[in-house]
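Note sheet for the following structure.
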Amino acid sequence: MPDYLASMYQVRYATEADMPDLCEINYASFRKYRFRSAVFPKSDPATLKEFKALNGMKQIANPEMHIVAVTDSTTGHIVAYARWFIPEILGVTLHTCNLSEIGAAKVAAAESPLIHAPRPMNEGLFFAPRKLLAGPRKRHTVARDMVLDFLATLPTHRGRGIGSALLQWGSKIADSLHTRIYLEATSAGLPLYRKFGWEIVEEVVLNLEPYGEVGRGVFTIMLREPRELLSLDYPRT
């Protein structure tokens with residue numbers, strides 16, 4: 001992280017106690033995302049955040065999923081986070097998180113997510129993106145590839161270089177291991193991902209009409225090739 005950010009923000013691994021902050025960032029970042037309202041047309045914020053916490057706990061419990069958070073040094077609150085899948089085959093130390101009984105119960109509950117999902121729910125549309133994206137991921141990745149699974153910054157903290165700091169965290173690991181990073185991007189993040197070396201390899205379109213909606217959703221499949229590990233290679237924002 002650049003010096004001017006290091007004094008204001010701290011990059012660290014997320015823990016179970018951080019889940020409320022992570023859910024808040026997820027909710028706030030995609031609050032106006034059309035896909036969310038189409039899947040959960042009448043869900044209140046608290047119910048939806050609790051549902052998202054189930055998946056979040058499952059991710060934290062996965063030793064190959066490295067969830068990295070950026071904390072505001074003044075308030076102590078998390079303002080951004082990213083999920084990096086780093087396969088064990090790369091030899092990176094697995095990230096372990098000791099869970100409470102409640103946390104372990106949420107991980108177990110996440111194995112059957114529909115039981116705990118807010119209602120009403122468009123189940124077909126809920127599963128459609130992962131079904132659609134399974135093909136491109138299989139076509140474009142190999143066992144050694146890292147995956148940027150998620151990245152979001154609170155709207156109030158965007159434009160400060162925080163997202164870039166999270167991208168730099170994972171990119172440096174990939175470069176040190178001479179491995180690629182796979183990404184399924186939405187349009188909002190494309191300029192930043194391109195700045196950090198990701199290239200578009202495919203565009204995937206989800207037709208919403210079979211699920212009772214109008215229009216389409218577009219996912220951009222991207223890959224980042226490893227670079228020489230030089231600090232000057234990374235954009236400054």
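In what follows, residues are counted from 1 in the order of the sequence shown.
- For the pair L148/E184, no side-chain contact is recorded, criterion being any heavy-atom separation below 4.5 Å from C-beta on.
- Here the rule is ring-ring contact (aromatic ring centres under 6.0 Å, His included) with H95, and of W84, F85, Y13 only Y13 fits it.
- Counting heavy-atom neighbours within 6.0 Å of D44 CG, excluding the residue itself, gives a total above 12.
- Ring centroids of Y182 and H140 are separated by 6.0 Å or more, keeping the two rings apart.
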Query raised in the report: Given the rule in the side chain to side chain contact (heavy atoms under 4.5 Å, CB included) test, do R12 and T71 qualify, once you have shown the distances and angles that lead to the verdict?
Result: CA-CA 8 Å; R12 62 170 176 81; T71 302; 3.4 Å; yes

Report task. Given side chain to side chain contact (heavy atoms under 4.5 Å, CB included), test R139 with E202 step by step and report yes or no. Result -> CA-CA 10 Å; R139 287 194 297 273; E202 185 178 351; 2.6 Å; yes

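- Side-chain rings of F150 and Y81 approach one another, their centers coming within less than 6.0 Å.
- Listed here is the closest heavy atom pair of L151 and G163: CD1-O, 4.0 Å.
- Note: the hydrophobic cluster containing W169 does not contain L94 (ILVMFWY, side chain heavy atoms under 4.5 Å, direct or indirect links).
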Requested in this report: Begin from the C-alpha positions of E16 and S100 and carry the test side chain to side chain donor-acceptor pair (under 3.5 Å) through to its verdict.
Outcome: CA-CA 8 Å; E16 177 183 346; S100 67; 2.5 Å; yes

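- In this structure, Y193 and W198 have perpendicular ring planes: the angle between them is above 60°, well past the 30° mark.
- R224 and D175 are joined by a salt bridge, as a carboxylate oxygen and a charged side-chain nitrogen come within less than 4.0 angstrom of each other.
- Residue L90 holds its CG atom at 10.0 Å from CD1 of I173, rounded to the nearest 0.5 Å.
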Query - Criterion salt bridge (Lys or Arg N to Asp or Glu O under 4.0 Å) on K106 and E50, from CA distance to verdict - result: CA-CA 10 Å; K106 288 184 177 181; E50 183 62 27; 3.6 Å; yes

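- Between T74 and M8 the shortest side-chain heavy-atom distance does not fall below 4.5 Å.
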Requested in this report: Under the side chain to side chain contact (heavy atoms under 4.5 Å, CB included) rule, what do E213 and S37 come out as? Steps first, then yes or no, please.
Outcome: CA-CA 11 Å; E213 298 291 328; S37 61; over 6 Å; no

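- Side chains of V218 and V204 form no contact here, defined as non-hydrogen atoms less than 4.5 Å apart.
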Requested in this report: Test side chain to side chain donor-acceptor pair (under 3.5 Å) on R36 and N26 and set out the steps.
Outcome: CA-CA 11 Å; R36 171 181 290 176; N26 187 306; 3.0 Å; yes

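- Note on ring orientation: taking the six-membered ring where Trp is involved, the planes of F40 and F51 are perpendicular (angle over 60°, cut-offs 30° and 60°).
- Two residues are said to be in side-chain contact when any heavy atoms from C-beta on lie closer than 4.5 Å; E123 and L125 fail this criterion.
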Report task. With side chain to side chain contact (heavy atoms under 4.5 Å, CB included) as the test, would you mind laying out the steps for D72 and H157 before giving the verdict? Result -> CA-CA 10 Å; D72 187 314; H157 286 71; 3.6 Å; yes

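- More than 12 heavy atoms of other shown residues, nucleotides or ligands fall within 6.0 angstrom of atom CG in L114.
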